[in-house]
Amino acid sequence: MSQVRTRFAPSPTGDLHVGGAHTALFAWLFARHEGGRFVLRIEDTDEVRSTERSLAAIYDGLKWLGIDWDEGPDVGGPFAPYIQSERLGIYQDHIGRLLDSGRAYRCFCTPEELEERREIMRARGIPPRYDGRCRDLDEDEVARLTREDRPSCVRFRVQETGTTVVNDLVRGEVWFDNSLMGDFVIQKTSGYPTYHMAVVVDDHLMQITHVIRAEEHLPNTPAHVQLMEALGIERPQFAHLPLIMGTDHTKLSKRHGAVNLMDYRDQGFLPEAMRNFLALIGWSPGAEEEILDLRELTDRFTIEGVSKSPGVFDLEKATWLNGEYLKRADAEYLADVLSPMLREEGLLEDDLSPERRRWLVAVVDLMKERTRLLTDFVTWGSYFFTEDFPYDPRARKKWLSREEVPDRLDMLADRLEEPGTWDVDGIERIIRDLADELDVSAAKVIHPCRAAVTGQTVGPSLFDVMVLIPQTDVASRLRRAAKLGRAGELAPSPSEE
RNA sequence: GGCCCCAUAGUCUAGUGGUUAGGACUCCGCUCUUUCAAGGCGGCGGCACGGGUUCGAUUCCCGUUGGGGCUACCA
């Protein structure tokens, strides 16, 4: 059996969409699972909407997710070029063959005429497909119109009777009535091929064995099959993947919020988490474990595991999964990913001394246990990086605005300021000793202290937090909170509650 | 409208002609803890409906309903 070859064939008309990433991932996982090759082909036959910037965005998105390609525009390969706009001659040859054999013909109808006629058909309740007006123009007529420089496109003469059966790896046999299909355009007036023409020719020439694409292409498949038959091309296997939907159960689109893959990076997702999450929409490993790394994903991926029904993009679950990855991630790695984000917020200097770097890793290691998004490090953990952190309304209400708190904070500041080793045990002893002397529970000192030092009511173990903040800063934060508290400036304002 | 696809909790899903229908997210409760946004334990909640086939259907068939996709010189 020949080697498996799959491809991802996006059109560069925008950033890489979550749906596109999903399709790419599945095609890639299948190729990797089978030990086959994965091809990236750019379908830029939409001359109007294709952009160079979008091409770069596709590369970036795929790379971010960890999807690599064996053949593609940038890396080349035995079937180059891999950009359709550079393959125009190839399509023209195939279209020429179809024209010669009579399976295709020139159509001189203008877009306006077409639209007008479609409107009439719709009004009459007839399915609006091409009416075949130019189907049987005689040669003289064609020659005359051509001589007059009348623009024309090329249409494929579809089978008028019978059925076209598509055998889909996910859905089984799907039957289509040929009489319902209109003659479709294979070459635009501009000379560019349409998607249908280019995809069929390229999948064949690039020896794609499995066409894995989104379900929205299923209705196009009989047209492709007919083209293949007319061209004498062997059919590849087809696998149409379930669509990803928004929470309102329509195809994921802009109005659902973030649909660009990279938006999720900006929102604080780790690529391995997003990849894992995407793999779980419309596919199941069959086991109960669903946190799967790259290796496990490729080992276990099969088409049989692909489901037929569309899946909703559940941000809650994606966020949870991301938290699981954060928890398990290596702190050094997270520090690398986080550094640029912290710098962007002005929370971290550009050049880290080795010592400062070790400190950052320690902060990350302490926090990662309870974060869900990378951005949590910035929002929840700002007190590690700046004196200008906010006081959470709950912290104000519950602790900082209490009458007895300022005095205790000052006392604590005095003691913590004493020169000595700044370590977890020492800090804990000082705090507990103070509580004993005041004859209150340790919590009565710990909570206000946390509120004063971090501005929050929750977080990692307080002593572990404190040891990562300079001793002098801790003392000054305690005094600042005491002063503000006495002045009544930490009373929770109604708007903050 | 026509064609096609789909249907297990709010969501992602496993699964079977006979199961207490399994797991995960969310939510709720309990618990541990200096705190929870972490950990542990537990709970609520599901086979869309109607006909068949069958000794027996969530599972097979048909229909209904619901949802989605496609109906372009976009892909």
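Owing to the predicted nature of the structure, the values given are computational and were not obtained by experimental measurement. First the proteins, then the strands, lettered A, B, ... as listed; each starts at 1.
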Inset, instruction - For the pair A:Ser54 (side chain) and A:Gly14 (backbone), establish whether a donor and an acceptor sit closer than 3.5 Å, ignoring hydrogens and angles. - result: yes
Inset, instruction - Between A:Leu180 and A:Arg122, name the one whose nearest nucleotide on RNA chain B is closer to the 5' end. - result: A:Leu180
Inset, instruction - Any strand is fair game: report the nucleotide pairing with B:rU59 by Watson-Crick or G-U wobble, both distances under 3.5 Å, or none. - result: none
Inset, instruction - Using Watson-Crick or G-U wobble geometry with both distances below 3.5 Å, tell me the partner of B:rG1, or none. - result: B:rU71
Inset, instruction - Look at the side chain of A:Thr250 and decide which nucleotide, out of B:rG22, B:rC3, B:rG68, has an atom nearest to it. - result: B:rG68
Legend entry - Watson-Crick or G-U wobble partner of B:rA7, both distances under 3.5 Å: B:rU65
Inset, instruction - For A:Lys188, look at atom NZ and say whether over 12 heavy atoms of other residues, nucleotides or ligands are found less than 6.0 Å away. - result: yes
Inset, instruction - Calculate the interatomic distance between A:Phe176 atom CZ and B:rG2 atom C1'; express it in whole Å. - result: 13 Å
Inset, instruction - Describe the nucleic acid contact of A:Thr45 in one word from base, sugar-phosphate, nothing, applying a heavy-atom distance below 4.0 Å. - result: sugar-phosphate
Inset, instruction - Write down the distance separating the C1' atoms in B:rA38 and B:rC32, rounded off to the nearest Å. - result: 11 Å
Inset, instruction - Decide whether A:Ser85 and A:Asp44 meet the rule of one side-chain donor and one side-chain acceptor closer than 3.5 Å. - result: yes
Legend entry - C1' atoms of B:rG63 and B:rC55, separation to the nearest Å: 25 Å
Inset, instruction - Look at atom CD of A:Glu148 and say whether more than 12 heavy atoms of other residues, nucleotides or ligands are closer to it than 6.0 Å. - result: yes
Inset, instruction - Determine the interatomic distance between P on B:rG10 and the same-named atom on B:rG46; round to the nearest Å. - result: 8 Å
Inset, instruction - For B:rU31 versus B:rU19, give the span between their C1' atoms, rounded off to a whole number of Å. - result: 32 Å
Legend entry - Separation of B:rC74 P from A:Glu47 CD (nearest whole Å): 8 Å
Inset, instruction - Please state the P separation for the pair B:rU53 and B:rC61 - nearest whole angstrom. - result: 15 Å
Inset, instruction - Taking only the side-chain nitrogens and oxygens of A:Arg49, find out if one of them lies under 4.0 Å from OP1 or OP2 of B:rA75. - result: no
Inset, instruction - May I ask you to say what A:Arg155 touches in the nucleic acid, namely base, sugar-phosphate or nothing, with a heavy-atom cut-off under 4.0 Å? - result: sugar-phosphate
Inset, instruction - Report yes if a donor N or O on one partner sits less than 3.5 Å from an acceptor N or O on the other, where the partners are the side chain of A:Thr189 and the base of B:rC73; otherwise report no. - result: yes
Legend entry - A:Phe313/A:Tyr264 aromatic ring centres below 6.0 Å: yes
Inset, instruction - Check the distance between B:rU71's C1' and A:Arg117's CZ and give it to me in whole angstrom. - result: 17 Å
I'd like a table of atom pairs between the protein and nucleotides 10-14 of chain B - only N or O on both sides, under 3.5 Å - with the distance next to each one.
unit_1 : atom_1 : unit_2   : atom_2 : d
B:rC12 : OP1    : A:Val312 : N      : 3.0
B:rC12 : O2'    : A:Leu280 : O      : 2.9
B:rU13 : OP1    : A:Gly282 : N      : 2.4

Inset, instruction - Using the C1' atoms only, state how far B:rG29 lies from B:rC4, rounded to an integer number of Å. - result: 47 Å
Inset, instruction - Give a yes or no on whether a salt bridge exists between A:Arg117 and A:Glu112, defined as a side-chain N under 4.0 angstrom from a carboxylate O. - result: no
Inset, instruction - Report which part of the nucleic acid A:His240 touches: base, sugar-phosphate, or nothing (heavy-atom distance under 4.0 Å, all strands). - result: nothing
Legend entry - Between B:rU71 (P) and A:His224 (NE2): distance, integer Å: 11 Å
Inset, instruction - Check every strand shown and say whether A:Asn220 touches a base, only sugar-phosphate, or nothing at a heavy-atom separation below 4.0 Å. - result: base
Inset, instruction - Return the value, rounded to whole Å, for the distance between atom CD of A:Gln92 and atom P of B:rC73. - result: 19 Å
Inset, instruction - Only pairs at least two apart or in different chains count here, so list each ring pair (Phe, Tyr, Trp, His ring centres under 6.0 Å) that has a residue in residues 428-460 of chain A. - result: A:Trp399-A:His447
Legend entry - ring-ring contact (aromatic ring centres under 6.0 Å, His included) between A:His217 and A:Tyr195, worked out: CA-CA 11 Å; A:His217 289 298; A:Tyr195 160 72; 5.2 Å; yes
Legend entry - Check: A:His94 side chain, A:Ile90 main-chain N or O, donor-acceptor pair, under 3.5 Å: yes
Inset, instruction - Would you confirm whether the ring centroid of A:Phe301 sits within less than 6.0 angstrom of the ring centroid of A:Phe26? - result: yes
Inset, instruction - Summarise protein proximity over nucleotides 30-39 of chain B in one line of letters, 5' to 3': B for base, S for sugar-phosphate only, - for none, counting protein heavy atoms closer than 4.0 Å. - result: ----BBBBSS
Inset, instruction - Please state how far atom CD1 in A:Ile244 lies from atom P in B:rG69, giving the value in whole angstrom units. - result: 14 Å
Legend entry - Same-atom distance (C1') from B:rA9 to B:rA21, integer angstrom: 12 Å
Legend entry - Between B:rA24 and B:rG56 - P atom distance, rounded Å: 36 Å
Inset, instruction - Can you tell me the distance, in whole Å, between the CD1 atom of A:Ile186 and the C1' atom of B:rA75? - result: 17 Å
Legend entry - Under 3.5 Å: donor-acceptor pair, side chain of A:Lys368, backbone of A:Ala329: yes
Inset, instruction - Looking at every strand, decide which applies to A:Pro128 at a 4.0 Å heavy-atom threshold: base, sugar-phosphate, or nothing. - result: base
Legend entry - Side-chain (A:Glu345) to main-chain (A:Leu342) donor-acceptor, under 3.5 angstrom: no
Inset, instruction - Mind calculating the distance between CG (A:Asp46) and C1' (B:rC74) to the nearest angstrom? - result: 5 Å
